Every structure is written in C-alpha cells, then in structure tokens.
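Working notes, beginning with the structure itself.
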Amino acid sequence: MRRATVLDPPAAPGTAAVRGDWHTIGRLLPYLWAYRWRVGLALACLVAAKLANVGVPLVLKQIVDALDLKPGDPRVALVVPVALLVAYGLLRMAVTLFTELREVFFARVTHDASRTITLQVFRHLLSLSLRFHLERQMGGMSRDIERGSQGISSLISYTLYSILPTLVEIALVIGYLLVNYEASFATIALAALVLYVAWTVRVTEWRTQFRRQVNEQDSRANTRAIDALINYETVKYFGNEEFEARRYDENLVARMRAAIRAQTSLSVLNLGQSLVIATAVVLLLWRATAGVVAGTMSLGDLVLVNAFMIQLYVPLNFLGVLYREIKQALTDMERMFRLMGERREVADAPGAPALVLAPERAPTIRFERVSFAYDPVRPILHEVDFAMAPGTTTAVVGASGAGKSTLARLLYRFYDVASGRITIDGQDLREVTQSSLRAAIGIVPQDTVLFNDTIRYNIGYGRPGASRAEIEAAARAAQLDDFIAALPQGYDSNVGERGLKLSGGEKQRVAIARTLLKDPPILILDEATSALDSRNEQAIQAALRRVAVDRTTLVIAHRLSTIVDADQILVMSGGRVVERGNHESLLRAGGEYARLWAMQQADDAASDGGLAESGDDGDARRGALKLSARA
C-alpha cells in the first residue's frame, strides 16, 4: 500500500478533484447531521436575515418615491414617511438579529464537529502500529492535523456565513429584477454573475498549486525545526547550529517564493473580478437611468437597482478568497481524513475477548515457532521457540541485531508474527484485545522518554489515578526518593522535553518507578539498569529481583552480570536461539554464552586496571574467568 506523504501532488483539475472534494464533504456531513435541528434553525435564520436584507432597498425605494414631490404639492405636509423610516430601521435591525441568531445556533455545531473529528484522528493515530509512527515525521503530521481541524471550521464558516447567504440573496435579487423590470436587468446581472464565478473558479484552480507548495514547504520547515529542537543536545554536541539554521532557511525561502507567486496570482484574480463588477454596474445603471428618463421607472427604482447591485457585489468581491479558502480547507481536511483512513496493521479481531489471567499465579508465556520480519527481504526471527514458566525470569542475550528487543515488541503486540504464535496462559495474543494484553505487561525500556511534565506525573503515568502515597512508595522502591527530596520542588519538579533535565540514570529510575506502580503480572526489563552507576545498579537490581518475584519476567540484557540468577537464559544469534540454560550450565557448555561472558569479564577487568583485584568480588571474577576458560 502506498504510504501517504506529507503532501501529495496537486490533483489535476477535473472530475477527480471534484469527486475528491465531494467525498471529503460527504465524510463531514454525518458529524453535522448529529445537530440537524440546530442546522435547521441556523438555515431558517439565514433565510430570514437575507429576506430582511433584500427588504432594505425595497423600503428605501418607497422612501425615495414618497419624497419625490414637486414644490407646492399639497401632499408635502404629509410626506414624512414615518412608518417607512421605522420599517427601514427594523429591517436593518432584523438583518443583524437573524445573523447573530444564526451564529448562536450554529456555533456549537462547528466547534463540536471539529472537536469530535480531531479527537477521532488522535485516537486513530494512537491505535496505529509502531511501524506507522517510525516511518512518519511527527512535525509534518501534527501540522496536517492542526490545519485539518482549522479547515473544518473554515469550511463550515465560509459556506454557512458567506457562500450560502450570497446564493440566497442572488436568487432573491435576480427573481425580483425578473418579475418587476425588463428582462435585460436580470440578464445583465445573471451574465455578470456567471462570468464572475467562472473567472474566479478558473483562476483560483490555477493558483491552487502555489497554495499547495506553500503548505508543503511549511510542513517541511516545521518538521525540520521540530527535529532540530527535539535533538537540541545533539545539535550542540557537534556545533551544528548554523547547519540546522541553513536547512531550515532552505524551506523558508522555498515557502517565501511560493507565497510570492500565490500573492501575484491573487492580484490577477482581483483585477479580473473588478473589471466584471464595474462593467455590470455601469450597464445596470445605464438601463435604470434610461428608464427614469423615459418615465418607465421612478427615481426610487434607480436607487433600488443601484442598492441591489452594491449589496450583491460587495460579498462577491470576496468570492475568490472564499473559493480559495474553501478549496484549501477541503484539501486540509482531506489530508486529515487520509490519516483516519490509514489501515491498522495490528487490530483486534471482531468480538475479541479480554485476556484472562489466573489471579493466584503468574502467567505462562510461550513463543511457538515464531518468525518475523520488519521487511520481507530481511527476516529478523526464525522459528523461535521457548516457554517462560509462571513466576520465573527468562533472560535473552546476544549481539546487537540478534532479535532480542523484537521479542519484547512482539509480546506487546506492536507487530503481529509472520508465522507461529505467542500465547499467554494458552491464549493467542492475536485473539485477545490489545488493551487487556498491554494492561498485563509492564516494561522498563533502555531508552526512557518522559513527558514534559512533573516527576509525579511521569511516575503516576504507570497507573493514572494512583494516590500520592502509592507514587511515593514506587519512587522509594526505585531508589529515587533521595534524589527527589533534594530538588527544590520535589515531586512537582518539571523534567523538561523528553526528560532532558534528568540524567540517563534518573530517567531510568523514573521508568522503573512507573512500572512498579503499574504492578503488572508480566514484566519486561530491556537493559533496565544500563544508565546507572555500579552502586545504584546493585540497589536497583536488588529491587527488581524483589519485584520479579511471583511475576513472569523477560529480561533483555547486554551485561551478562545482571542476569546470572535468571531461571532461564536464551542466547540468540541471527534471529535464532542457539543456546539455552542457566548461567552455570551455559558456562560449562563452553559455547557462545561462555565466550561472551569471558569477553565481558576481560573488559571489566581492563577498565578496573587489570585483574589484580582484592576481596570477594575479585576472587569471584577470577573464579568465573577460570571456569569459563576451563569450559
């Protein structure tokens, strides 16, 4: 399936583009239909406002005709048209009243439709697979959502508040001219309107390409800016501030050039519109003046025709802008709806039940001949087969790229297996709901990313609604309480964007506390202590061992010293399990595990200044090296 880019190329004018616009409008209508009674009231107010608006020139005509008396006429004393003046004022007031009532009735429709659709897009994006989010650029996608949300409000506002009222008024005015005057008046007005609309649509379609280019460059510029700001430390490490600024400026310059072309084309549009309007007004006034001179029309009729044309063409002056903005709103909405149309790679089966676990014991986990590939041409796992007994700890070791972290991702069901299956207490992960599955698993990742909020919020994220005492207890268990106590704001200290205000070890301890608070029956530790110093690592390892009791635990490890007490150790290479057993049996086997153990012990000894160590730790290390050498 073709993956949608930040902005697809503009569609060629014609049937496809029109069909796409109507399809987008069709997707919006169900959200408006939920408030059909409000829509009906708003439309009724719209018609009432336009009837009052058309009535204003009619009353003005009557006032002018009432005042058109010769000096000395005996009716001069009675000419003050009080009733007409009152009616004129009331009609003016009615226009404003019904216009505001229309907005009052429709305001909730607009904002609630925008809120509902934006929330659905957000929920849908959270439900998509990890693959989708790894391939996407979040900066550009966030702009698509933002513009799509604004596009909904713009489309509804421009349609209901500008286009539809103008169409109603055009119909009323043309109808009045056709009924009450020569056909030439209606013909001139209608011909001008047709020419005006045709010119506007044609030129606007031509200049839409420039608007698309502006949006494309805006999305790219925003993506680059966000990437640079998120990776602020990396930019500083390599002194690449100017390099990032130049990359950002490339898109800003491209956006500027597209914006200039868009503005120039707008001037062409406006000139053509003004020419059509000016010609039509002159022709209509010429016909009305000729009628007054011939005695077939009154002075009030001349004023009426002029008022009609001014009243009608003022909103038409903005038709080009409105048409362009509506087209842009449809484009923006289409991009947002396209996100909603992204297929869920991992989805719950219809009627899938929740994962059922026995409360009295930890679950059993089985990987049964599991194969998997992120890309079909590069398989990652090859028929991996093992079982994790209830309440035991299984450690997975191996070189980078062996497939260790993929096991955790498959257990979380971020991806579905290509073949084989994974079961928890005999239940295939693909046959239960994802929410119940992930509620049963807790993970301490190697790369911990925190929310830009307080320490309390980030720990409490493990179980929203947890009490203050429970959060603080989890922090103490993760050896984090002394650090928090030393902060001026304590648990209310902000950790910064992605947790950048904390060290790697501090972030990892927050992740451990968060998982402890969740208290899941299944635990995944992905290099959970890789960012800790030796003293804190020993304390956290002791805490994690206590936490792992009565839980089924999967440990993904690089440092073998952290998993020597695991009930089962799997050695992976090339996506296959090449060895399995406990620490002692694997050392005696003298295979891949023993080789990795010897290498790591030699590295540790070298970092400590050689093997001339004293005390129990040194003896233990030398004993382990001798054991591995004998093996």
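Keep in mind that what you see is a predicted model, and the values were worked out from it rather than measured.
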State, to 0.1 Å, how close [X] and [Y] come at their nearest heavy-atom pair, and which atoms those are.
X: Leu355; Y: Leu437; answer: CD2-CA, 4.2 Å
X: Glu506; Y: Leu502; answer: OE1-CA, 3.4 Å
X: Ala352; Y: Thr433; answer: O-CG2, 3.3 Å
X: Ala221; Y: Asn251; answer: CB-CB, 3.6 Å
X: Thr552; Y: Pro390; answer: OG1-CA, 3.7 Å
X: Ala474; Y: Ile459; answer: CB-CG2, 4.4 Å

Going by the angle between their ring planes, with limits at 30° and 60°, are Phe386 and Phe367 parallel, tilted or perpendicular? parallel
Please answer whether the main-chain N or O of [Y] pairs with a side-chain N or O of [X] as donor and acceptor at a distance below 3.5 Å.
X: Asn231; Y: Asp227; value: yes
X: Lys404; Y: Ala399; value: yes
X: Glu579; Y: Leu586; value: no
X: Lys501; Y: Ser493; value: no
X: Arg378; Y: Ala373; value: no
X: Arg413; Y: Ala347; value: yes
X: Ser371; Y: Glu383; value: yes
X: Asn582; Y: Ile569; value: no
X: Asn240; Y: Lys236; value: no

Under 4.0 Å between a side-chain nitrogen and a carboxylate oxygen: does that hold for [X] and [Y]?
X: Glu244; Y: Arg247; answer: yes
X: Arg463; Y: Glu470; answer: yes
X: Asp385; Y: Arg369; answer: no

Other residues, nucleotides and ligands only: do more than 12 of their heavy atoms fall within 6.0 Å of [atom1] on [X]?
X: Asp375; atom1: CG; answer: yes
X: Arg366; atom1: CZ; answer: no
X: Tyr412; atom1: OH; answer: yes

Within a strict 4.5 Å, meaning less than it, do heavy atoms of the [X] and [Y] side chains meet?
X: Asp526; Y: Val555; result: no
X: Pro363; Y: Ile522; result: yes
X: Leu450; Y: Lys507; result: yes
X: Asp416; Y: Arg430; result: yes
X: Arg468; Y: Tyr491; result: no
X: Ile484; Y: Ile455; result: yes
X: Leu517; Y: Ile471; result: yes
X: Arg361; Y: Asp425; result: yes

Within this structure, what is the [atom1]-[atom2] distance for the pair [X] and [Y], rounded to the nearest 0.5 Å?
X: Arg514; Y: Arg509; atom1: CZ; atom2: CZ; value: 15.0 Å
X: Ile380; Y: Met572; atom1: CD1; atom2: CE; value: 9.5 Å
X: Asp550; Y: Thr392; atom1: CG; atom2: OG1; value: 11.5 Å
X: Ile556; Y: Leu570; atom1: CD1; atom2: CG; value: 11.0 Å
X: Ser436; Y: Leu429; atom1: OG; atom2: CG; value: 9.5 Å
X: Ile422; Y: Glu368; atom1: CD1; atom2: CD; value: 9.5 Å

Trace of the side chain to side chain contact (heavy atoms under 4.5 Å, CB included) decision for Arg595 with Met599: CA-CA 6 Å; Arg595 186 183 67 83; Met599 290 175 57; 3.1 Å; yes
Does the pair Tyr248 and Leu252 meet the rule for a side chain to side chain contact (heavy atoms under 4.5 Å, CB included), with working shown? CA-CA 6 Å; Tyr248 184 45; Leu252 293 180; 3.7 Å; yes
Could you please spell out the steps behind the side chain to side chain contact (heavy atoms under 4.5 Å, CB included) verdict for Tyr461 and Arg456? CA-CA 8 Å; Tyr461 198 80; Arg456 185 186 309 280; over 6 Å; no
Do Thr394 and Gln568 get their side chains close enough for a donor-acceptor pair, meaning under 3.5 Å? yes
I'd like to know if the side chain of Tyr374 pairs up with that of Thr406 as donor and acceptor (distance under 3.5 Å, no hydrogens or angles considered). yes
I want to know whether His382 and Phe372 have ring centres closer than 6.0 Å. no
I'd like to know whether Leu480 forms a side chain to side chain contact (heavy atoms under 4.5 Å, CB included) with Phe483, so could you lay out the CA-CA distance, the side-chain angles of the two residues, the decisive distance to 0.1 Å, and finally the verdict. CA-CA 6 Å; Leu480 196 59; Phe483 163 72; 3.9 Å; yes
